[in-house]
Amino acid sequence: MSGKVAWITGATAGFGAATVDRFIAGGWRVVASGRRAERLQRLVDRHDSDRVHALAFDIRDEAAMRAALTGLPAAFAGIDLLVNNAGLALGTAPAQQADLTQWKQMIDTNVTALVTLTRLLLPMLIERRGAIVNISSIAGSYPYPGGNVYGGTKAFVTQFSLGLRADLHGTGVRVTSIEPGMAETEFTLVRTGGDQAASDKLYAGVHPISADDIAETLWWIANLPAHLNVNRLELMPVNQSFAGFQVHRD
């Protein structure tokens with residue numbers, strides 16, 4: 001057992017749940033946070049209670065976040081790694097038809113909540129010479145129709161990660177931005193309001209990235225020698241690559 005502790009947000013499904021499993025299997029303790037208490041309870045049931053501490057709250061609720069942090073049991077109170085995984089995409093409409101409420105929810109979740117938790121944990125991470133891994137997306141680098149605010153939030157996550165690296169120079173804290181391409185989790189179901197057919201169509205025949213792929217990647221990054229930092233890591237399925245620019249003809 002390593003004695004290290006990771007805080008993984010968005011732990012109720014997808015990348016987050018798989019990463020919780022991977023780090024516990026590797027001997028870490030994990031603080032697993034997310035909105036859905038019943039999903040978190042399944043994680044607790046799957047592992048020894050002394051290896052995982054579940055925190056059920058909405059990541060957008062700063063008061064709940066602060067309370068969760070101050071209430072951590074002693075065995076989980078020293079955070080060595082923060083994995084900012086909680087995030088979502090909502091809607092596929094072009095900007096001029098998009099739902100402003102969905103835009104604000106993406107910004108509040110993908111940006112505001114991420115920077116809030118990061119800021120609250122920075123003193124501890126500096127003290128422990130820890131690490132931060134932020135889950136961004138290729139959508140932050142390559143625009144596509146309907147990506148609008150989601151892509152903008154992920155571009156922020158990537159740039160914020162680089163800014164953290166600059167500010168944390170000399171502290172020993174490592175910061176990484178992970179930028180996945182097509183990954184089959186609950187992502188498209190959430191984005192489309194539960195349209196399973198749309199999700200199946202998107203990933204059919206692609207052999208997309210899996211949650212376990214990302215969990216293994218995070219495990220590798222977290223366990224690199226302390227003098228090495230992966231600044232940015234972009235991953236795509238082999239079956240996904242780059243397309244041409246759109247052209248409109250009158």
Side-chain angles (χ1 to χ4, degrees), residues 9-10 13-16 18-19 59-60 83-115 133-164 175-215 217-218 221 230-250:
T9 70
F15 296 166
T19 303
I59 196 76
R60 296 172 294 170
V83 178
N84 279 314
N85 168 70
L88 78 170
L90 295 171
T92 57
Q96 64 272 25
Q97 299 171 13
D99 183 332
L100 185 57
T101 300
Q102 291 184 334
W103 277 11
K104 290 180 178 180
Q105 185 176 347
M106 285 186 281
I107 293 168
D108 289 345
T109 305
N110 300 357
V111 175
T112 306
L114 182 148
V115 302
V133 179
N134 294 322
I135 305 299
S136 182
S137 168
I138 62 167
S141 299
Y142 313 112
Y144 58 90
N148 43 67
V149 166
Y150 173 69
T153 64
K154 291 305 184 178
F156 174 90
V157 171
T158 296
Q159 188 62 28
F160 179 61
S161 302
L162 296 175
L164 283 174
V175 184
T176 301
S177 173
I178 300 293
E179 301 159 22
M182 292 181 72
E184 188 171 11
T185 60
E186 294 183 355
F187 178 85
T188 299
L189 288 175
V190 172
R191 186 170 208 170
T192 61
D195 189 339
Q196 185 65 56
S199 181
D200 292 343
K201 180 179 179 181
L202 178 64
Y203 300 116
V206 175
H207 196 176
I209 295 169
S210 71
D212 287 339
D213 293 332
I214 297 299
T217 302
L218 296 179
I221 289 170
V230 177
N231 298 326
R232 299 175 64 176
L233 184 58
E234 181 181 289
L235 305 95
M236 289 185 184
V238 172
N239 287 350
Q240 181 185 30
S241 61
F242 311 98
F245 289 102
Q246 295 186 105
V247 177
H248 173 75
R249 303 184 190 279
D250 293 329

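Computed from a prediction, not measured in an experiment: that's the story for all the values here.
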How long is the straight-line distance from [atom2] of [Y] back to [atom1] of [X], given to the nearest 0.5 Å?
| X | Y | atom1 | atom2 | value |
| --- | --- | --- | --- | --- |
| Q159 | L164 | CD | CG | 10.5 Å |
| D108 | L114 | CG | CG | 12.5 Å |
| E186 | L88 | CD | CG | 12.0 Å |
| K104 | L90 | NZ | CG | 14.0 Å |
| T101 | M106 | OG1 | CE | 10.5 Å |

Any side-chain heavy-atom pair of N239 and M182 under 4.5 Å: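 N239 does not reach M182 side chain to side chain.
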
Any side-chain heavy atom of V83 within less than 4.5 Å of one from F15?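 Counting from C-beta outward, V83 and F15 never come under 4.5 Å.
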
Who pairs with S161 by side-chain hydrogen bond (donor to acceptor under 3.5 Å, both in side chains), at least two apart in sequence or on another chain?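 N134.
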
Any residue meeting side-chain hydrogen bond (donor to acceptor under 3.5 Å, both in side chains) with S136, in chain and number order, not counting sequence neighbours: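 Residues passing side-chain hydrogen bond (donor to acceptor under 3.5 Å, both in side chains) with S136: T158.
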
Do the side chain of T109 and the main chain of G87 share a donor and acceptor less than 3.5 angstrom apart?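 No.
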
Using the side chain to side chain contact (heavy atoms under 4.5 Å, CB included) criterion, which residues pair with [X]? Sequence neighbours excluded.
| X | value |
| --- | --- |
| L233 | I178, T217, W220, I221, V230, L235 |
| Q196 | L189, S199, D200 |
| Y142 | I138, E234, M236, F242 |

Grab the two heavy atoms, one from A198 and one from T192, that are nearest each other, plus how far apart they are.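 Result for this residue pair: CB-CG2, 4.3 Å.
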
Please tabulate, one pair per line, all N/O donor-acceptor pairs under 3.5 Å involving side-chain atoms of residues 143-154, not counting sequence neighbours.
| residue | atom | partner | partner atom | Å |
| --- | --- | --- | --- | --- |
| Y144 | OH | R191 | NH1 | 2.8 |
| Y144 | OH | R191 | NH2 | 3.1 |
| N148 | OD1 | W103 | NE1 | 3.3 |
| N148 | ND2 | A93 | O | 3.1 |
| T153 | OG1 | N110 | ND2 | 3.1 |
| T153 | OG1 | Y150 | O | 2.7 |
| K154 | NZ | I135 | O | 2.9 |

Neighbour count >12 (heavy atoms, 6.0 Å) for atom CD, Q97: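 Count over threshold, so yes.
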
Check residues 201-213 and write down every donor-acceptor pair under 3.5 Å in which the side-chain atom is one partner and the other belongs to a residue at least two apart or another chain.
| residue | atom | partner | partner atom | Å |
| --- | --- | --- | --- | --- |
| Y203 | OH | A183 | O | 3.0 |
| Y203 | OH | T188 | OG1 | 2.8 |
| S210 | OG | D212 | N | 3.4 |
| S210 | OG | D213 | N | 3.1 |
| S210 | OG | D213 | OD1 | 3.4 |
| S210 | OG | D213 | OD2 | 3.1 |
| D213 | OD2 | S210 | N | 2.9 |

